[in-house]
Amino acid sequence: MKRVDRRLLRLLADRASVEPRRRTNHNLHTTLEDRVQRFCNAMAPGSYVRPHRHVTPPKWELFAVLGGAAAVLTFDGDGRVRERAELGRGGDVIVEVPPGMWHAVAALEADTVLLEIKEGPYQPVSDKDFAAWAPVEGHPDAARFERWYRAARPGDPPPGG
């Protein structure tokens with residue numbers, strides 16, 4: 001039996017707070033070939049997740065909050081916010097992003113941990129189609145995008161858009 005307890009969530013949140021990418025994960029699936037990928041993803045504010053979609057093949061992705069709070073955003077093809085869901089803080093607990101939808105996630109509080117579930121297998125080369133309208137991870141504009149995520153509302157264009 002695989003178990004996730006409060007001690008593990010605390011450990012993951014602490015680790016995320018000192019990682020350069022401001023996040024870390026703990027896999028529950030056994031291999032990258034598993035048909036269902038499931039893992040705890042601990043994130044700290046400042047962790048930039050470049051908008052992406054899963055199209056080859058089309059895959060859905062589910063997010064459930066285990067601690068803290070996060071924003072899950074979906075976008076149109078030009079980067080305008082379509083929907084915003086806040087997980088935690090008395091808001092949503094679970095959201096599912098449909099296959100092929102542009103999306104990103106931002107931690108709204110320290111100690112944020114999400115359970116992520118998506119269809120497998122995980123293939124690093126084709127798992128994500130990244131948005132051309134958003135900076136790559138590590139680019140100087142990435143921090144501006146991550147701050148925008150935390151406040152962006154439906155209809156808002158991307159920074160500089």
Side-chain angles (χ1 to χ4, degrees), residues 1-32 34 36-54 59-75 79 81 83-97 101-120 122-124 127-131 133-154 156 158-160:
M1 181 182 329
K2 295 178 184 177
R3 300 171 78 146
V4 175
D5 60 16
R6 294 289 168 198
R7 186 186 65 71
L8 177 58
L9 296 180
R10 171 84 266 140
L11 177 71
L12 292 171
D14 288 347
R15 190 179 311 151
S17 71
V18 297
E19 287 289 330
R21 295 177 73 207
R22 311 281 296 155
R23 67 180 181 268
T24 192
N25 69 322
H26 174 79
N27 291 347
L28 297 169
H29 53 275
T30 307
T31 71
L32 298 180
D34 283 6
V36 178
Q37 304 288 298
R38 51 220 184 270
F39 55 97
C40 297
N41 190 354
M43 305 175 70
S47 178
Y48 173 66
V49 176
R50 187 176 182 192
H52 62 280
R53 60 187 178 176
H54 306 284
K59 296 179 182 183
W60 51 265
E61 189 166 9
L62 182 140
F63 300 92
V65 66
L66 301 176
V72 178
L73 303 166
T74 63
F75 308 94
V81 177
E83 293 181 271
R84 175 191 179 92
E86 287 198 10
L87 300 176
R89 293 185 176 169
D92 294 313
V93 177
I94 298 172
V95 296
E96 184 176 288
V97 177
M101 177 68 66
W102 293 109
H103 63 283
V105 180
L108 300 176
E109 296 178 359
D111 304 332
T112 296
V113 183
L114 301 176
L115 173 65
E116 295 189 28
I117 303 171
K118 62 183 176 180
E119 297 173 89
Y122 176 72
Q123 298 168 326
D127 180 63
K128 295 178 182 80
D129 175 25
F130 289 105
W133 43 263
V136 299
E137 205 173 308
H139 188 279
D141 284 341
R144 181 170 58 140
F145 263 72
E146 188 276 335
R147 286 189 304 273
W148 172 68
Y149 292 165
R150 290 191 250 159
R153 299 285 178 236
D156 287 353

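Note that the coordinates shown come from a computational prediction; the quantities given were computed from them, not determined experimentally.
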Discussion item. Looking at Arg50 and Ala134, would you say the former's side chain and the latter's main chain have a donor-acceptor pair under 3.5 Å?
Written reply: yes

Fill in: Lys/Arg-Asp/Glu bridge criterion (N-O < 4.0 Å) met for Glu86, Arg84
yes

Worksheet item: Do Pro135 and Tyr48 come close enough that some side-chain heavy atom pair is under 4.5 Å?
Response: yes

Item to complete: Please round to the nearest 0.5 Å and tell me the distance separating atom CD of Glu83 and atom NE2 of His103.
Response: 12.5 Å

Practice prompt. State the CD-OG1 distance between Gln37 and Thr30, to the nearest 0.5 angstrom.
Written response: 10.0 Å

Worksheet item: Does any pair with a residue in residues 102-114 pass salt bridge (charged side-chain N to carboxylate O under 4.0 Å, His left out), and if so which ones, sequence neighbours excluded?
Response: Arg10-Asp111, Arg89-Glu109

Worksheet item: Minimum heavy-atom separation for Leu115 to Leu28, with atom names?
Response: CD1-CD1, 4.1 Å

Worksheet, complete the sentence: The salt bridge (Lys or Arg N to Asp or Glu O under 4.0 Å) partners of Lys118 (sequence neighbours excluded) come to Asp127

Discussion item. Which heavy atom of Tyr149 sits nearest to which heavy atom of Val49, and what is that distance?
Written reply: OH-O, 2.8 Å

Worksheet item: Is the backbone of Leu8 close enough, under 3.5 Å, to the side chain of Asp5 for a donor and an acceptor to pair up by distance?
Response: yes

Practice prompt. Kindly compute the distance separating CG (Leu66) from CZ (Arg6), expressed to the nearest 0.5 Å.
Written response: 7.5 Å

Fill in: Distance (rounded to the nearest 0.5 Å) between Phe39 CZ and His26 NE2
12.0 Å

Practice prompt. For residues Trp133 and Phe145, report the shortest heavy-atom separation together with the two atoms involved.
Written response: O-CZ, 3.6 Å

Item to complete: Output all residues satisfying salt bridge (Lys or Arg N to Asp or Glu O under 4.0 Å) with Asp156, sequence neighbours left out; order by chain, then residue number.
Response: none

Fill in: Residues forming a salt bridge (Lys or Arg N to Asp or Glu O under 4.0 Å) with Arg53, sequence neighbours excluded
Asp129

Practice prompt. Using the side-chain contact (heavy atoms from CB on, under 4.5 Å) rule, pick out the option among Val105, Val93, Val95 that qualifies with Leu87.
Written response: Val95

Could you tabulate the donor-acceptor pairs under 3.5 Å formed by side-chain atoms of residues 40-47, not counting sequence neighbours?
| residue | atom | partner | partner atom | Å |
| --- | --- | --- | --- | --- |
| Asn41 | ND2 | Glu116 | OE2 | 2.8 |
| Ser47 | OG | Arg21 | O | 3.0 |
| Ser47 | OG | Arg23 | NH1 | 2.8 |

Worksheet item: Rounded to the nearest 0.5 Å, how far apart are CG of Leu114 and CG of Leu62?
Response: 10.0 Å

Worksheet, complete the sentence: When Glu119, Lys59, Glu61 are each screened for side chain to side chain donor-acceptor pair (under 3.5 Å) with His54, the one that passes is Glu61

Item to complete: Count the heavy atoms belonging to other residues, nucleotides or ligands that lie under 6.0 Å from CZ of Arg7, then report whether that count exceeds 12.
Response: no

Item to complete: Specify the closest pair of heavy atoms between Ile117 and Trp60, including all atoms of both residues, with the distance to one decimal.
Response: O-CZ3, 3.3 Å

Practice prompt. List for me each residue that meets ring pair (Phe, Tyr, Trp, His ring centres under 6.0 Å) alongside His29, sequence neighbours excluded, and say none if there are none.
Written response: none

Worksheet entry | Nearest non-hydrogen partners of Gly88 and Val65, listed with the distance | N-CG1, 3.7 Å

Worksheet entry | Val81 versus Ala152, closest heavy-atom pair with distance | CG2-CB, 3.8 Å

Worksheet item: Would you say the side-chain atoms of Asp14 and Ser17 include a donor-acceptor pair closer than 3.5 Å?
Response: no

